[in-house]
Amino acid sequence: MTMLNHLTAFAERARRIAIQSDVPCYAIRLVNRHTGEAHQVDSAPLTVMTSDPISAANQLMRNRDPKDWDAFVSCTDRNGAIQ
């Protein structure tokens, strides 16, 4: 068993902790400009939850061609749902 087996449980716990704080939370996704599809890891769309969307978007776009990729930032509500 590897750490990847526990990744979803870890992500859910981290999301709950972030929601309980008063710090705003944002969801960032990479989208292919040509296809309009979100970047996927193991058939699941990659979504990064953060309180610093500019820094996270810059990190996701690092070493990527801006002609091919775009970073979309969305706010989350108090329950963690992406708006």
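The residues of the chain are indexed from 1 along the displayed sequence.
Evaluation of the salt bridge (charged side-chain N to carboxylate O under 4.0 Å, His left out) rule for Asp52 yields no partner, not counting sequence neighbours. Evaluation of the salt bridge (charged side-chain N to carboxylate O under 4.0 Å, His left out) rule for Arg64 yields no partner, not counting sequence neighbours.
Between Leu30 and Met61, the closest side-chain pair of non-hydrogen atoms falls below 4.5 Å. The side-chain heavy atoms of Asn32 and Trp69, taken from C-beta on, include a pair separated by under 4.5 Å.
What you find for Ala71 and Ile28 is that their closest heavy atoms are CB-CG2, 4.3 Å. Among all heavy-atom pairs drawn from Cys25 and Met49, the shortest one is SG-CE, 4.0 Å.
Criterion: ILVMFWY side-chain heavy atoms under 4.5 Å apart, direct or through other members. Under it, Val48 and Val73 are part of a common hydrophobic cluster.
Taking OG from Ser51 and OH from Tyr26, the interatomic distance works out to 9.0 Å, rounded to the nearest 0.5 Å. Rounding to the nearest 0.5 Å gives a distance of 13.5 Å between CZ of Arg29 and CG of Asp70.
In Leu46, the CG atom is crowded: over 12 heavy atoms of neighbouring residues, nucleotides or ligands sit closer than 6.0 Å.
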